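Values in this document were obtained by computation on a predicted structure and should not be read as measured data.
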Amino acid sequence: GTWLTESGGGSVQAGESLRLSCAASYKSYGTMGWFRQAPGKDREGVAAIDSDGTTYYTNSVKGRFTVSRDNDNKIMYLQMDSLQPEDTAMYYCAASSQRAISRFQESEYSYWGRGTQVTVSS
């Protein structure tokens with residue numbers, strides 16, 4: 001079946017970096033994305049990447065986060081630099097069989113991982 005598994009979360013100080021990984025069961029997803037959910041808040045889209053490598057970022061992470069994917073090894077990454085306390089959240093990997101239209105819309109994605117926690121302290 002289809003599965004996604006996140007790893008790489010942890011606790012860091014403000015200004016430090018983390019790299020999240022999402023291992024997938026298939027390599028031909030049209031769009032893959034990273035979402036996050038902080039306590040008491042709605043889940044929000046953070047970054048997305050199409051199968052051709054085109055990337056998309058929400059404004060709050062532009063210039064700090066970089067999404068990439070290794071299709072041969074079926075892994076997507078999220079390099080997070082200059083982390084801030086407001087980046088603290090559970091981070092989820094998501095995948096769509098087709099190329100998404102609204103890449104930060106949860107309903108575009110059929111497959112989800114269980115999440116990995118990122119905690120940034122000041």
Side-chain angles (χ1 to χ4, degrees):
T2 299
W3 50 262
L4 301 171
T5 303
E6 304 93 339
S7 61
S11 297
V12 297
Q13 299 286 320
E16 294 184 341
S17 299
L18 280 174
R19 187 175 79 158
L20 305 184
S21 298
C22 171
S25 55
Y26 296 111
K27 65 179 181 180
S28 299
Y29 297 113
T31 299
M32 298 184 74
W34 288 99
F35 287 72
R36 67 185 180 187
Q37 187 167 22
K41 294 188 177 181
D42 293 335
R43 189 154 56 181
E44 63 169 346
V46 174
I49 183 167
D50 292 339
S51 56
D52 65 358
T54 306
T55 57
Y56 307 83
Y57 299 94
T58 195
N59 286 338
S60 62
V61 308
K62 283 180 181 176
R64 299 190 299 123
F65 290 11
T66 304
V67 61
S68 60
R69 61 193 280 184
D70 179 345
N71 289 329
D72 289 339
N73 291 303
K74 299 177 286 186
I75 301 176
M76 177 177 63
Y77 300 100
L78 185 67
Q79 177 67 39
M80 305 187 296
D81 298 321
S82 301
L83 282 162
Q84 299 301 316
E86 52 266 34
D87 295 317
T88 294
M90 184 72 78
Y91 283 71
Y92 298 90
C93 168
S96 170
S97 299
Q98 307 298 322
R99 184 168 178 147
I101 298 174
S102 299
R103 288 164 180 84
F104 295 147
Q105 188 72 31
E106 291 183 55
S107 59
E108 293 271 8
Y109 299 88
S110 300
Y111 310 107
W112 292 84
R114 294 190 174 186
T116 185
Q117 178 67 37
V118 172
T119 302
V120 185
S121 55
S122 58

*Please go through Met32's hydrophobic cluster and name the other residues, only I, L, V, M, F, W, Y counting, with side-chain heavy atoms under 4.5 Å joining them.*
Leu4, Val12, Leu18, Leu20, Tyr26, Tyr29, Trp34, Val46, Ile49, Tyr57, Val61, Phe65, Val67, Met76, Leu78, Met80, Leu83, Tyr91, Tyr111, Val118, Val120

*State, to 0.1 Å, how close Ser122 and Pro85 come at their nearest heavy-atom pair, and which atoms those are.*
CB-CG, 3.8 Å

_Residues forming a salt bridge (Lys or Arg N to Asp or Glu O under 4.0 Å) with Glu86, sequence neighbours excluded_ = none

_Results of side-chain hydrogen bond (donor to acceptor under 3.5 Å, both in side chains) for Ser17 - residues two or more places apart only_ = Asp81

_salt bridge (Lys or Arg N to Asp or Glu O under 4.0 Å): pairs with one or both residues in residues 58-79, sequence neighbours excluded_ = Arg64-Asp87

*Sorted by first residue and then second, give each salt bridge (Lys or Arg N to Asp or Glu O under 4.0 Å) pair with at least one member in residues 112-122; sequence neighbours left out.*
none

*Report the residues that fulfil side-chain contact (heavy atoms from CB on, under 4.5 Å) with Ile75, sequence neighbours left out, ordered by chain and then residue number.*
Ser21, Asn73, Tyr77

*Under the side-chain contact (heavy atoms from CB on, under 4.5 Å) rule, collect the residues that match up with Glu106, sequence neighbours excluded.*
Phe35, Arg43, Trp112

*asked:* For the CD atom of Glu6 and the SG atom of Cys22, what is their distance to the nearest 0.5 Å?
replied: 5.5 Å

_Determine whether a donor-acceptor pair (N or O, by modelled atom type, separation under 3.5 Å) exists between the side chain of Gln117 and the backbone of Gly115._
no

*With sequence neighbours excluded, tell me which residues meet side-chain contact (heavy atoms from CB on, under 4.5 Å) with Ala23.*
Trp3

*Which residues pass the side-chain contact (heavy atoms from CB on, under 4.5 Å) test with Ala48, sequence neighbours left out?*
Thr31, Tyr56, Arg103, Phe104, Tyr109

*Checking Ser96 side chain against Glu108 main chain: does a donor-acceptor pair fall under 3.5 Å?*
yes

*Go through the structure and list residues passing salt bridge (Lys or Arg N to Asp or Glu O under 4.0 Å) with Asp52, not counting sequence neighbours.*
Arg99

*At what distance, to the nearest 0.5 angstrom, does OG1 of Thr119 lie from CE of Met90?*
8.5 Å

*Qualifying residues under salt bridge (Lys or Arg N to Asp or Glu O under 4.0 Å), relative to Glu16, sequence neighbours excluded*: none

*Taking side-chain hydrogen bond (donor to acceptor under 3.5 Å, both in side chains) as the test, write out the residues that go with Ser11, two or more places apart.*
none

*Residue pair Ala38 / Ala89: nearest heavy atoms and the distance that separates them*: N-CB, 3.8 Å

